[in-house]
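For clarity, every value in this text was computed on a predicted model and none was experimentally measured.
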Amino acid sequence: MLTAFARAFKTPDLRKKLLFTLGIIVVYRVGTHIPIPGVDYRNVQTCIDAAQANHGLFGLVNMFSGGALLQITVFALGIMPYITASIILQLLTVVIPRLEALKKEGQAGTAKITQYTRYLTVALAILQGTGLVATARSGALFQGCPVASQIVPDQSIFVTITMVITMTAGTAVVMWLGELITDRGIGNGMSILMFISIAATFPSALWAIKEQGSLADGWIEFGTVIAVGLVMVGLVVFVEQAQRRIPVQYAKRMIGRRSYGGTSTYIPLKVNQAGVIPVIFASSLLYIPALIAQFSSGTSGWKTWIEAHLVRGDHPIYVTLYFLLIVFFAFFYVAISFNPEEVADNMKKYGGFIPGIRAGRPTAEYLSYVLNRITWPGSLYLGLIALVPTMALVGFGANQNFPFGGTSILIIVGVGLETVKQIESQLQQRNYEGFLR
(Lines give C-alpha, C1' and ligand atoms only; values in the text may rest on other atoms or scores of the structure.)
Protein backbone atom coordinates (compact mmCIF):
# COMPACT_ATOMS: atom_id res chain seq x y z
CA MET A 1 0.00 0.00 0.00
CA LEU A 2 2.79 2.43 0.91
CA THR A 3 4.57 1.54 -2.35
CA ALA A 4 1.43 2.43 -4.31
CA PHE A 5 1.21 5.85 -2.64
CA ALA A 6 4.93 6.47 -3.22
CA ARG A 7 4.57 5.63 -6.93
CA ALA A 8 1.45 7.81 -7.13
CA PHE A 9 3.35 10.85 -5.83
CA LYS A 10 6.01 10.26 -8.49
CA THR A 11 3.36 10.48 -11.23
CA PRO A 12 2.64 14.19 -11.98
CA ASP A 13 -1.12 14.03 -12.68
CA LEU A 14 -1.79 11.61 -9.82
CA ARG A 15 0.26 13.81 -7.50
CA LYS A 16 -1.97 16.77 -8.41
CA LYS A 17 -5.07 14.69 -7.66
CA LEU A 18 -3.70 13.56 -4.30
CA LEU A 19 -2.69 17.10 -3.29
CA PHE A 20 -6.09 18.43 -4.40
CA THR A 21 -7.79 15.77 -2.27
CA LEU A 22 -5.62 16.65 0.73
CA GLY A 23 -6.54 20.33 0.27
CA ILE A 24 -10.26 19.51 0.28
CA ILE A 25 -9.77 17.41 3.43
CA VAL A 26 -8.08 20.37 5.16
CA VAL A 27 -11.00 22.66 4.22
CA TYR A 28 -13.45 20.06 5.52
CA ARG A 29 -11.62 19.69 8.85
CA VAL A 30 -11.44 23.49 9.29
CA GLY A 31 -15.19 23.73 8.77
CA THR A 32 -15.82 21.18 11.53
CA HIS A 33 -14.29 23.63 14.05
CA ILE A 34 -16.13 26.85 13.05
CA PRO A 35 -19.13 27.38 15.38
CA ILE A 36 -22.39 28.56 13.89
CA PRO A 37 -23.81 31.99 14.88
CA GLY A 38 -26.00 32.04 17.97
CA VAL A 39 -24.08 29.39 19.92
CA ASP A 40 -22.08 30.07 23.09
CA TYR A 41 -18.91 28.13 22.27
CA ARG A 42 -17.55 28.25 25.84
CA ASN A 43 -20.67 26.61 27.26
CA VAL A 44 -20.52 23.95 24.54
CA GLN A 45 -16.93 23.09 25.46
CA THR A 46 -17.85 23.02 29.15
CA CYS A 47 -20.63 20.51 28.50
CA ILE A 48 -18.43 18.37 26.21
CA ASP A 49 -15.75 18.16 28.90
CA ALA A 50 -18.36 17.29 31.54
CA ALA A 51 -19.95 14.61 29.35
CA GLN A 52 -16.57 12.81 28.92
CA ALA A 53 -17.44 11.77 25.35
CA ASN A 54 -20.43 9.65 26.35
CA HIS A 55 -23.23 11.05 24.22
CA GLY A 56 -25.72 8.22 23.93
CA LEU A 57 -28.30 9.07 21.31
CA PHE A 58 -26.14 11.31 19.16
CA GLY A 59 -23.00 9.16 19.22
CA LEU A 60 -23.46 7.70 15.72
CA VAL A 61 -24.17 11.04 14.01
CA ASN A 62 -21.35 12.67 15.98
CA MET A 63 -18.96 9.98 14.74
CA PHE A 64 -19.95 10.56 11.08
CA SER A 65 -19.44 14.32 11.51
CA GLY A 66 -15.95 13.92 12.99
CA GLY A 67 -17.05 15.26 16.39
CA ALA A 68 -18.58 18.41 14.85
CA LEU A 69 -22.18 17.62 15.81
CA LEU A 70 -21.81 18.09 19.56
CA GLN A 71 -19.70 21.20 19.02
CA ILE A 72 -22.56 22.63 16.88
CA THR A 73 -20.28 23.86 14.08
CA VAL A 74 -20.91 24.78 10.43
CA PHE A 75 -20.39 21.16 9.34
CA ALA A 76 -22.25 19.77 12.37
CA LEU A 77 -24.44 17.44 10.31
CA GLY A 78 -21.46 16.24 8.27
CA ILE A 79 -22.06 13.63 5.61
CA MET A 80 -24.92 11.89 7.44
CA PRO A 81 -27.83 13.55 5.50
CA TYR A 82 -26.24 12.49 2.20
CA ILE A 83 -25.75 8.92 3.46
CA THR A 84 -29.37 8.76 4.59
CA ALA A 85 -30.62 10.22 1.29
CA SER A 86 -28.54 7.75 -0.73
CA ILE A 87 -29.88 4.80 1.24
CA ILE A 88 -33.49 6.04 0.90
CA LEU A 89 -33.14 6.49 -2.88
CA GLN A 90 -31.57 3.05 -3.18
CA LEU A 91 -34.48 1.49 -1.30
CA LEU A 92 -37.06 3.47 -3.30
CA THR A 93 -35.50 2.28 -6.56
CA VAL A 94 -36.93 -1.17 -5.85
CA VAL A 95 -40.38 0.20 -4.95
CA ILE A 96 -40.93 3.02 -7.48
CA PRO A 97 -40.95 1.90 -11.16
CA ARG A 98 -39.87 5.36 -12.38
CA LEU A 99 -36.64 5.22 -10.35
CA GLU A 100 -36.02 1.64 -11.47
CA ALA A 101 -36.35 2.74 -15.10
CA LEU A 102 -33.91 5.60 -14.50
CA LYS A 103 -31.41 3.19 -13.01
CA LYS A 104 -31.52 1.07 -16.19
CA GLU A 105 -30.94 4.09 -18.46
CA GLY A 106 -27.23 4.15 -17.71
CA GLN A 107 -25.29 7.35 -17.10
CA ALA A 108 -28.18 9.72 -17.84
CA GLY A 109 -30.46 7.92 -15.39
CA THR A 110 -27.74 7.78 -12.74
CA ALA A 111 -27.23 11.55 -13.09
CA LYS A 112 -30.95 12.11 -12.54
CA ILE A 113 -30.98 9.89 -9.44
CA THR A 114 -27.94 11.81 -8.15
CA GLN A 115 -29.87 15.05 -8.60
CA TYR A 116 -32.79 13.63 -6.60
CA THR A 117 -30.30 12.56 -3.91
CA ARG A 118 -29.01 16.14 -3.63
CA TYR A 119 -32.53 17.54 -3.20
CA LEU A 120 -33.36 14.94 -0.57
CA THR A 121 -30.06 15.66 1.21
CA VAL A 122 -30.96 19.34 1.57
CA ALA A 123 -34.45 18.44 2.85
CA LEU A 124 -33.02 16.01 5.41
CA ALA A 125 -30.41 18.60 6.44
CA ILE A 126 -33.18 21.11 7.17
CA LEU A 127 -35.06 18.48 9.21
CA GLN A 128 -32.00 17.29 11.14
CA GLY A 129 -30.71 20.84 11.65
CA THR A 130 -34.06 21.91 13.10
CA GLY A 131 -34.02 18.91 15.45
CA LEU A 132 -30.45 19.64 16.56
CA VAL A 133 -31.20 23.33 17.23
CA ALA A 134 -34.37 22.43 19.15
CA THR A 135 -32.44 19.87 21.20
CA ALA A 136 -29.65 22.37 21.95
CA ARG A 137 -32.14 25.09 22.95
CA SER A 138 -33.97 22.80 25.36
CA GLY A 139 -30.73 21.65 27.00
CA ALA A 140 -31.36 17.99 26.12
CA LEU A 141 -28.23 17.77 23.96
CA PHE A 142 -26.07 17.52 27.10
CA GLN A 143 -28.13 16.03 29.89
CA GLY A 144 -26.71 16.71 33.34
CA CYS A 145 -24.61 19.68 32.23
CA PRO A 146 -25.34 22.77 34.43
CA VAL A 147 -25.03 25.20 31.48
CA ALA A 148 -26.80 23.01 28.89
CA SER A 149 -29.77 25.38 28.66
CA GLN A 150 -27.42 28.33 28.03
CA ILE A 151 -25.81 26.91 24.88
CA VAL A 152 -28.15 29.08 22.77
CA PRO A 153 -28.53 32.33 24.75
CA ASP A 154 -30.77 34.09 22.22
CA GLN A 155 -33.72 31.81 21.43
CA SER A 156 -35.53 34.16 19.05
CA ILE A 157 -37.04 32.92 15.80
CA PHE A 158 -34.53 34.86 13.66
CA VAL A 159 -31.52 33.30 15.42
CA THR A 160 -33.06 29.81 15.20
CA ILE A 161 -33.73 30.15 11.45
CA THR A 162 -30.19 31.48 10.94
CA MET A 163 -28.71 28.47 12.76
CA VAL A 164 -30.76 26.00 10.68
CA ILE A 165 -29.87 27.74 7.40
CA THR A 166 -26.16 27.77 8.34
CA MET A 167 -26.09 24.04 9.09
CA THR A 168 -28.06 23.25 5.92
CA ALA A 169 -25.63 25.32 3.85
CA GLY A 170 -22.74 23.52 5.59
CA THR A 171 -24.20 20.16 4.55
CA ALA A 172 -24.53 21.39 0.95
CA VAL A 173 -20.88 22.51 1.01
CA VAL A 174 -19.80 19.10 2.38
CA MET A 175 -21.72 17.41 -0.43
CA TRP A 176 -20.03 19.73 -2.96
CA LEU A 177 -16.57 19.00 -1.49
CA GLY A 178 -17.22 15.27 -1.81
CA GLU A 179 -18.20 15.64 -5.46
CA LEU A 180 -15.07 17.72 -6.11
CA ILE A 181 -12.94 14.86 -4.79
CA THR A 182 -14.85 12.46 -7.03
CA ASP A 183 -14.46 14.61 -10.16
CA ARG A 184 -11.02 16.21 -9.73
CA GLY A 185 -9.42 14.15 -6.96
CA ILE A 186 -8.73 10.46 -6.56
CA GLY A 187 -12.46 9.58 -6.63
CA ASN A 188 -14.89 8.11 -4.11
CA GLY A 189 -15.28 11.55 -2.50
CA MET A 190 -18.16 10.97 -0.09
CA SER A 191 -16.56 7.82 1.29
CA ILE A 192 -13.23 9.61 1.80
CA LEU A 193 -14.92 12.40 3.77
CA MET A 194 -16.66 9.75 5.87
CA PHE A 195 -13.29 8.05 6.39
CA ILE A 196 -11.70 11.33 7.54
CA SER A 197 -14.59 12.10 9.89
CA ILE A 198 -14.26 8.77 11.68
CA ALA A 199 -10.45 8.69 11.71
CA ALA A 200 -10.34 12.21 13.22
CA THR A 201 -11.94 10.93 16.44
CA PHE A 202 -9.41 8.10 16.96
CA PRO A 203 -6.53 9.98 18.66
CA SER A 204 -8.69 11.68 21.30
CA ALA A 205 -10.64 8.49 22.02
CA LEU A 206 -7.46 6.44 22.39
CA TRP A 207 -5.87 9.02 24.67
CA ALA A 208 -9.05 9.19 26.78
CA ILE A 209 -8.81 5.43 27.36
CA LYS A 210 -5.18 5.87 28.42
CA GLU A 211 -6.10 8.69 30.82
CA GLN A 212 -8.96 6.68 32.36
CA GLY A 213 -6.86 3.52 32.75
CA SER A 214 -5.45 2.39 36.07
CA LEU A 215 -2.98 -0.36 35.06
CA ALA A 216 0.56 0.97 34.52
CA ASP A 217 -0.75 4.51 34.31
CA GLY A 218 -3.26 3.45 31.62
CA TRP A 219 -0.73 2.02 29.17
CA ILE A 220 -2.02 -1.55 29.65
CA GLU A 221 -5.54 -0.54 28.59
CA PHE A 222 -4.09 1.55 25.76
CA GLY A 223 -2.05 -1.39 24.45
CA THR A 224 -5.02 -3.76 24.80
CA VAL A 225 -7.20 -1.47 22.69
CA ILE A 226 -4.49 -1.20 20.01
CA ALA A 227 -4.11 -5.00 19.94
CA VAL A 228 -7.89 -5.52 19.68
CA GLY A 229 -8.01 -2.94 16.90
CA LEU A 230 -5.31 -4.67 14.87
CA VAL A 231 -7.05 -8.04 15.24
CA MET A 232 -10.36 -6.49 14.16
CA VAL A 233 -8.77 -4.81 11.14
CA GLY A 234 -7.26 -8.12 10.05
CA LEU A 235 -10.59 -9.91 10.50
CA VAL A 236 -12.51 -7.24 8.60
CA VAL A 237 -10.01 -7.23 5.72
CA PHE A 238 -10.20 -11.04 5.49
CA VAL A 239 -14.02 -11.13 5.43
CA GLU A 240 -14.44 -8.06 3.19
CA GLN A 241 -12.17 -9.65 0.57
CA ALA A 242 -13.87 -13.06 0.84
CA GLN A 243 -16.22 -13.96 -2.00
CA ARG A 244 -17.94 -16.92 -3.60
CA ARG A 245 -17.11 -17.10 -7.30
CA ILE A 246 -19.84 -18.77 -9.34
CA PRO A 247 -18.44 -19.91 -12.72
CA VAL A 248 -20.27 -18.76 -15.85
CA GLN A 249 -19.69 -20.18 -19.34
CA TYR A 250 -20.76 -18.34 -22.50
CA ALA A 251 -21.59 -20.44 -25.56
CA LYS A 252 -20.06 -19.66 -28.95
CA ARG A 253 -22.27 -17.77 -31.39
CA MET A 254 -21.67 -17.22 -35.11
CA ILE A 255 -22.70 -13.75 -36.34
CA GLY A 256 -21.81 -13.45 -40.00
CA ARG A 257 -18.28 -14.78 -40.35
CA ARG A 258 -17.26 -14.00 -36.79
CA SER A 259 -17.70 -16.10 -33.67
CA TYR A 260 -18.55 -14.54 -30.34
CA GLY A 261 -18.61 -15.99 -26.85
CA GLY A 262 -16.97 -19.18 -25.75
CA THR A 263 -15.38 -17.44 -22.77
CA SER A 264 -15.43 -18.35 -19.09
CA THR A 265 -15.96 -15.88 -16.28
CA TYR A 266 -17.53 -15.83 -12.82
CA ILE A 267 -20.04 -13.95 -10.69
CA PRO A 268 -18.36 -12.66 -7.49
CA LEU A 269 -20.74 -12.87 -4.51
CA LYS A 270 -19.18 -11.23 -1.46
CA VAL A 271 -19.67 -12.78 1.97
CA ASN A 272 -20.56 -9.33 3.32
CA GLN A 273 -22.74 -8.25 0.41
CA ALA A 274 -24.55 -5.58 2.45
CA GLY A 275 -21.50 -3.72 3.77
CA VAL A 276 -22.01 -1.46 6.78
CA ILE A 277 -25.60 -0.48 5.94
CA PRO A 278 -27.29 -3.08 8.25
CA VAL A 279 -25.32 -1.71 11.23
CA ILE A 280 -26.43 1.85 10.41
CA PHE A 281 -30.04 0.75 9.97
CA ALA A 282 -30.07 -1.17 13.26
CA SER A 283 -28.45 1.69 15.19
CA SER A 284 -30.85 4.25 13.76
CA LEU A 285 -33.89 2.10 14.50
CA LEU A 286 -32.83 1.55 18.11
CA TYR A 287 -32.33 5.31 18.55
CA ILE A 288 -35.98 6.04 17.74
CA PRO A 289 -37.58 4.71 21.00
CA ALA A 290 -34.90 6.39 23.13
CA LEU A 291 -35.36 9.66 21.23
CA ILE A 292 -39.14 9.55 21.74
CA ALA A 293 -38.65 8.84 25.45
CA GLN A 294 -36.18 11.69 25.77
CA PHE A 295 -38.57 14.30 24.41
CA SER A 296 -41.68 12.97 26.19
CA SER A 297 -42.68 14.43 29.53
CA GLY A 298 -43.83 12.57 32.62
CA THR A 299 -42.78 9.28 34.17
CA SER A 300 -44.97 6.73 32.40
CA GLY A 301 -44.22 3.02 32.50
CA TRP A 302 -43.17 2.70 28.84
CA LYS A 303 -40.75 5.61 29.17
CA THR A 304 -39.17 4.07 32.27
CA TRP A 305 -38.85 0.69 30.54
CA ILE A 306 -37.20 2.23 27.44
CA GLU A 307 -34.75 4.25 29.55
CA ALA A 308 -33.86 1.14 31.56
CA HIS A 309 -33.50 -1.33 28.67
CA LEU A 310 -32.96 0.48 25.34
CA VAL A 311 -30.68 3.39 26.27
CA ARG A 312 -27.81 1.57 27.96
CA GLY A 313 -25.62 -0.08 25.34
CA ASP A 314 -24.54 -2.90 27.66
CA HIS A 315 -28.04 -4.09 28.63
CA PRO A 316 -28.81 -7.69 27.49
CA ILE A 317 -32.11 -6.68 25.84
CA TYR A 318 -30.41 -3.89 23.90
CA VAL A 319 -27.57 -6.18 22.81
CA THR A 320 -29.98 -8.93 21.70
CA LEU A 321 -32.21 -6.56 19.71
CA TYR A 322 -29.18 -4.89 18.14
CA PHE A 323 -27.75 -8.23 16.99
CA LEU A 324 -31.09 -9.51 15.63
CA LEU A 325 -31.77 -6.25 13.76
CA ILE A 326 -28.35 -6.37 12.10
CA VAL A 327 -28.97 -9.94 10.91
CA PHE A 328 -32.45 -9.00 9.65
CA PHE A 329 -31.29 -5.89 7.78
CA ALA A 330 -28.38 -7.81 6.25
CA PHE A 331 -30.81 -10.24 4.59
CA PHE A 332 -33.23 -7.40 3.76
CA TYR A 333 -30.62 -5.25 2.03
CA VAL A 334 -29.13 -8.17 0.09
CA ALA A 335 -32.63 -9.13 -1.07
CA ILE A 336 -33.33 -5.65 -2.51
CA SER A 337 -29.85 -4.95 -3.91
CA PHE A 338 -29.23 -8.26 -5.74
CA ASN A 339 -31.94 -9.65 -7.99
CA PRO A 340 -31.18 -13.29 -8.97
CA GLU A 341 -33.95 -13.34 -11.58
CA GLU A 342 -32.55 -10.28 -13.36
CA VAL A 343 -29.04 -11.73 -13.35
CA ALA A 344 -30.34 -15.05 -14.69
CA ASP A 345 -32.31 -13.31 -17.47
CA ASN A 346 -29.25 -11.28 -18.53
CA MET A 347 -27.11 -14.42 -18.63
CA LYS A 348 -29.71 -16.23 -20.73
CA LYS A 349 -29.99 -13.26 -23.09
CA TYR A 350 -26.27 -13.32 -23.90
CA GLY A 351 -25.93 -17.09 -24.00
CA GLY A 352 -24.40 -17.58 -20.56
CA PHE A 353 -25.02 -20.46 -18.20
CA ILE A 354 -23.68 -21.94 -14.97
CA PRO A 355 -22.15 -25.39 -15.61
CA GLY A 356 -24.55 -28.06 -14.40
CA ILE A 357 -27.48 -25.59 -14.00
CA ARG A 358 -30.14 -24.99 -16.63
CA ALA A 359 -30.59 -21.42 -17.84
CA GLY A 360 -33.58 -19.37 -16.72
CA ARG A 361 -35.52 -20.10 -13.54
CA PRO A 362 -33.19 -22.90 -12.24
CA THR A 363 -30.27 -20.44 -12.48
CA ALA A 364 -32.19 -17.82 -10.47
CA GLU A 365 -33.08 -20.40 -7.82
CA TYR A 366 -29.46 -21.54 -7.60
CA LEU A 367 -28.18 -17.97 -7.24
CA SER A 368 -30.77 -17.27 -4.54
CA TYR A 369 -29.76 -20.46 -2.69
CA VAL A 370 -26.05 -19.58 -2.76
CA LEU A 371 -26.73 -15.98 -1.76
CA ASN A 372 -28.77 -17.04 1.27
CA ARG A 373 -26.06 -19.45 2.39
CA ILE A 374 -23.24 -16.91 2.26
CA THR A 375 -25.39 -14.13 3.77
CA TRP A 376 -25.72 -16.09 7.03
CA PRO A 377 -22.00 -15.94 7.95
CA GLY A 378 -21.84 -12.36 6.63
CA SER A 379 -24.72 -11.18 8.84
CA LEU A 380 -23.37 -13.00 11.91
CA TYR A 381 -19.96 -11.44 11.28
CA LEU A 382 -21.53 -7.95 11.12
CA GLY A 383 -23.41 -8.56 14.36
CA LEU A 384 -20.30 -9.72 16.22
CA ILE A 385 -18.17 -6.83 14.92
CA ALA A 386 -20.83 -4.30 15.93
CA LEU A 387 -20.94 -5.70 19.48
CA VAL A 388 -17.24 -5.05 20.15
CA PRO A 389 -17.93 -1.61 21.76
CA THR A 390 -20.43 -3.29 24.10
CA MET A 391 -17.89 -5.94 25.08
CA ALA A 392 -15.40 -3.12 25.69
CA LEU A 393 -17.92 -1.41 27.96
CA VAL A 394 -18.30 -4.56 30.04
CA GLY A 395 -14.62 -5.54 29.86
CA PHE A 396 -12.73 -2.49 31.04
CA GLY A 397 -15.18 0.37 31.27
CA ALA A 398 -14.58 2.07 27.93
CA ASN A 399 -17.07 4.72 26.84
CA GLN A 400 -19.66 4.52 24.07
CA ASN A 401 -17.20 6.07 21.59
CA PHE A 402 -14.86 3.10 21.70
CA PRO A 403 -12.44 3.93 18.85
CA PHE A 404 -12.35 0.46 17.28
CA GLY A 405 -16.12 0.03 17.16
CA GLY A 406 -17.72 -2.10 14.51
CA THR A 407 -19.19 0.68 12.36
CA SER A 408 -16.00 2.75 12.32
CA ILE A 409 -13.71 -0.19 11.53
CA LEU A 410 -15.98 -1.45 8.74
CA ILE A 411 -16.08 1.97 7.09
CA ILE A 412 -12.38 2.75 7.50
CA VAL A 413 -11.20 -0.62 6.19
CA GLY A 414 -13.72 -0.64 3.33
CA VAL A 415 -12.91 2.89 2.17
CA GLY A 416 -9.17 2.28 2.59
CA LEU A 417 -9.24 -0.85 0.44
CA GLU A 418 -11.34 0.86 -2.24
CA THR A 419 -9.05 3.92 -2.34
CA VAL A 420 -5.92 1.80 -2.68
CA LYS A 421 -7.53 -0.19 -5.51
CA GLN A 422 -8.42 3.01 -7.36
CA ILE A 423 -4.89 4.38 -7.04
CA GLU A 424 -3.39 1.09 -8.21
CA SER A 425 -5.74 0.94 -11.21
CA GLN A 426 -4.79 4.49 -12.25
CA LEU A 427 -1.11 3.61 -11.84
CA GLN A 428 -1.55 0.59 -14.11
CA GLN A 429 -3.18 2.78 -16.77
CA ARG A 430 -0.31 5.28 -16.71
CA ASN A 431 2.55 2.77 -16.45
CA TYR A 432 1.27 0.27 -19.00
CA GLU A 433 4.19 -0.64 -21.27
CA GLY A 434 2.16 -2.16 -24.08
CA PHE A 435 2.93 -5.20 -26.28
CA LEU A 436 5.66 -3.55 -28.32
CA ARG A 437 8.74 -2.48 -26.34
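- Contacts of Pro203 classified as side-chain contact (heavy atoms from CB on, under 4.5 Å), with partners at least two apart in sequence or in another chain: none.
- By the salt bridge (charged side-chain N to carboxylate O under 4.0 Å, His left out) test, Glu418 is found to be paired with no residue, residues two or more places apart in sequence or in another chain being considered.
- For Glu342, there are no side-chain hydrogen bond (donor to acceptor under 3.5 Å, both in side chains) partners two or more places apart in sequence or in a different chain.
- Side-chain contact annotation: Gln243 with Tyr266, donor-acceptor N/O pair under 3.5 Å absent.
- Residues forming a side-chain contact (heavy atoms from CB on, under 4.5 Å) with Ile165 (at least two apart in sequence, or on another chain): Ile161.
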For residues 273-282, tabulate all N or O donor-acceptor pairs below 3.5 Å that involve a side-chain atom, not counting sequence neighbours.
from	atom 1	to	atom 2	distance (Å)
Gln273	OE1	Lys270	N	2.9

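- Under the salt bridge (charged side-chain N to carboxylate O under 4.0 Å, His left out) criterion, Arg118 pairs with Glu179, sequence neighbours left out.
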Evaluation steps, side chain to side chain contact (heavy atoms under 4.5 Å, CB included), between Arg29 and Ile196: CA-CA 8 Å; Arg29 289 304 301 163; Ile196 296 300; 3.7 Å; yes
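- In the model, Tyr250 has no side-chain atom that pairs as donor or acceptor with a side-chain atom of Ser264 under 3.5 Å.
- When the salt bridge (charged side-chain N to carboxylate O under 4.0 Å, His left out) test is applied to Arg358, no partner is found at least two apart in sequence or on another chain.
- The salt bridge (Lys or Arg N to Asp or Glu O under 4.0 Å) pairs that include a residue from residues 124-138 number zero, where partners must be two or more places apart or lie in different chains.
- Side-chain contact, Asn372 with Thr375: no donor N or O sits under 3.5 Å from an acceptor N or O.
- The number of heavy-atom neighbours closer than 6.0 Å to CD of Gln115, taken from other residues, nucleotides and ligands shown, is above 12.
- The side-chain contact (heavy atoms from CB on, under 4.5 Å) search around Leu127 returns none, not counting sequence neighbours.
- In summary, the side chains of Glu100 and Thr93 do not present any donor paired with an acceptor at a separation below 3.5 Å, with no hydrogens or angles considered.
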Sequence neighbours left out, cut at 3.5 Å: what donor-acceptor pairs do the side chains of residues 75-88 make with other protein atoms?
from	atom 1	to	atom 2	distance (Å)
Thr84	OG1	Met80	O	2.9
Ser86	OG	Tyr82	O	2.9

From CA spacing to verdict: side chain to side chain contact (heavy atoms under 4.5 Å, CB included), Ile385, Met232: CA-CA 8 Å; Ile385 290 292; Met232 286 186 61; 4.0 Å; yes
All N/O donor-acceptor pairs, side-chain side in residues 328-339, below 3.5 Å, sequence neighbours left out:
from	atom 1	to	atom 2	distance (Å)
Tyr333	OH	Gln90	OE1	2.9
Tyr333	OH	Gln90	NE2	2.6
Ser337	OG	Tyr333	O	2.8
Asn339	OD1	Glu341	N	3.2

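- Counting only residues at least two apart or on different chains, the salt bridge (Lys or Arg N to Asp or Glu O under 4.0 Å) pairs with a member in residues 364-376 are Arg361-Glu365.
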Side chain to side chain contact (heavy atoms under 4.5 Å, CB included) between Ile354 and Gln249, worked out: CA-CA 6 Å; Ile354 299 174; Gln249 181 74 33; over 6 Å; no
